[in-house]
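These figures come from a predicted structure and were not determined experimentally.
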Number of protein chains: 2
Amino acid sequence: MAEEKNNISKADFRFMNDALVDVYDHIMRIEEETLRKSTFRDISVKEIHLIHAITLHDHKTSTEVANELRLTKGTLTTNVKTLERKGYVKRINDEQDHRVTRLTLTNKGKLLYRAHDAFHRQIVKSFIKGMDGNEVKVIKRALINLEDFLSDITQ
Amino acid sequence: MAEEKNNISKADFRFMNDALVDVYDHIMRIEEETLRKSTFRDISVKEIHLIHAITLHDHKTSTEVANELRLTKGTLTTNVKTLERKGYVKRINDEQDHRVTRLTLTNKGKLLYRAHDAFHRQIVKSFIKGMDGNEVKVIKRALINLEDFLSDITQ
DNA sequence: ATAAATTGGTTTGATGTTCAAACTAAATTA
DNA sequence: TAATTTAGTTTGAACATCAAACCAATTTAT
């Protein structure tokens with residue numbers, strides 16, 4: 001059981017910690033630069049995350065998307081307004097309940113979403129590059145560990 | 001070589017992608033909440049990252065820290081000013097070159113840094129929980145893969 | 001049925017973060 | 001010693017976000 005003792009060396013801790021932190025910064029930076037150079041140069045990383053949330057929850061209400069992104073309703077309103085002006089998002093008035101507006105992507109928005117998703121696919125692919133099925137399982141287990149740990153903290 | 005073919009399933013991609021994205025959001029949120037409830041409730045996550053950068057580069061110059069964090073010198077000046085006012089950071093005038101100011105943490109700042117570092121240590125520990133040496137190596141390899149991939153993109 | 005309370009979304013005013021550009025002072029180069 | 005460069009600060013503008021006030025539609029209570 002010695003090797004299960006989970007005593008991580010100082011060097012391993014430093015390496016993993018720095019890697020986790022740096023990797024995220026790096027991804028954000030590349031996303032920003034890639035967008036700047038693409039057809040979608042009027043879009044920021046923050047905006048693309050809103051577009052991502054709207055796609056995942058297609059035709060969901062403003063409040064639902066706001067909760068998803070942990071933004072206030074007011075902030076969401078303004079963000080959606082600019083994305084609508086830029087032509088990526090459409091508001092749809094709900095037929096049943098005339099208070100609610102549902103959110104969806106325009107074709108331009110869907111195009112952007114797919115481009116962004118492709119980039120994420122590359123990231124994940126590089127992450128597990130050259131690994132066999134068992135090794136991929138190890139990675140998945142690590143991510144599950146981390147998610148559990150974080151969920152435990154927030155109860 | 002079949003298992004080296006690196007054909008990730010749609011489900012695996014989704015899982016890993018969402019995990020990588022969610023985990024980061026989650027960590028930021030917990031950091032924010034933890035700070036809010038701690039003795040350091042006057043500090044934001046952004047500020048703690050500046051404190052982190054200052055510690056890693058103890059007694060480095062303002063310009064060096066600004067480059068590290070990819071902020072303009074002007075932004076760094078204002079951020080350092082508020083952290084100085086709050087008592088976490090000290091400016092030191094360089095004896096050799098009277099133009100440069102070097103940055104360092106006060107005792108209060110060091111205390112905060114250590115608390116934050118402890119949280120990161122927990123995160124890394126949870127990440128590799130229950131894994132043996134070989135499995136840890138797999139994780140490290142994945143992180144190196146990812147760092148290499150990202151470096152390649154930026155040349 | 002109608003008044004009161006709730007809900008979904010928008011508007012408004014304030015705060016915080018960031019940037020680019022102008023600026024000051026010190027050091028270096030010509 | 002004059003011109004240029006460098007380190008850092010100040011200034012003014014842009015943007016993201018929030019909380020609170022607000023409006024309109026729906027639901028609940030009387």
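When DNA chain C is scanned in the 5' to 3' direction for atoms under 4.0 Å from non-hydrogen atoms of chain B, the outermost contacting nucleotides are C/dT17 to C/dA27.
Note on B/Asp117 versus B/Lys110: no salt bridge recorded, every NZ/NE/NH1/NH2 to OD/OE distance being 4.0 Å or above. Classification of A/Glu47 and A/Lys86 as a salt-bridged pair holds, one side-chain N sitting under 4.0 Å from a carboxylate O. Salt-bridge annotation for B/Arg29 and B/Asp22: absent, with no side-chain N of the basic residue lying under 4.0 Å from a carboxylate O of the acidic one.
A distance of 8.0 Å separates CZ of A/Arg141 from CD1 of B/Ile139, quoted to the nearest 0.5 Å.
Side-chain atoms of A/Leu112 and A/Thr39, non-hydrogen and from C-beta on, never get closer than 4.5 Å to each other.
Residue-to-nucleotide proximity on DNA chain D shows that, of A/Lys73 and A/Arg99, the 5′-proximal contact is made by A/Lys73. Both A/Asp97 and A/Lys81 sit near DNA chain C, but only A/Asp97 has its closest nucleotide nearer the 5' end.
Applying the salt bridge (Lys or Arg N to Asp or Glu O under 4.0 Å) criterion to B/Arg121, with sequence neighbours excluded, gives no partner residue.
If you check every strand for non-hydrogen atoms under 4.0 Å, A/Thr77 touches a base. Looking at heavy-atom distances under 4.0 Å, A/Arg102 makes no contact with the nucleic acid at all. Contact annotation for A/Gln96: backbone-only contact, meaning every heavy-atom pair under 4.0 Å involves sugar-phosphate atoms and none involves a base.
In this structure, CG of B/Asn93 is placed 15 Å from P of D/dA7, rounded to the nearest angstrom. Remark: P of D/dT6 and CD of B/Glu64 are 15 Å apart, rounded to the nearest angstrom.
Partner of A/His52 under the ring-ring contact (aromatic ring centres under 6.0 Å, His included) criterion, out of A/Tyr113, A/Tyr88, A/Phe119: A/Tyr113 alone.
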Test A/Asp58 against A/Thr104 for side-chain hydrogen bond (donor to acceptor under 3.5 Å, both in side chains), laying out the working first. CA-CA 6 Å; A/Asp58 208 20; A/Thr104 187; 3.2 Å; yes
Output one letter per nucleotide in nucleotides 12-20 of chain D: B when a protein non-hydrogen atom lies under 4.0 Å from the base, S when only the sugar-phosphate is that close, - when neither is. ----SBBS-
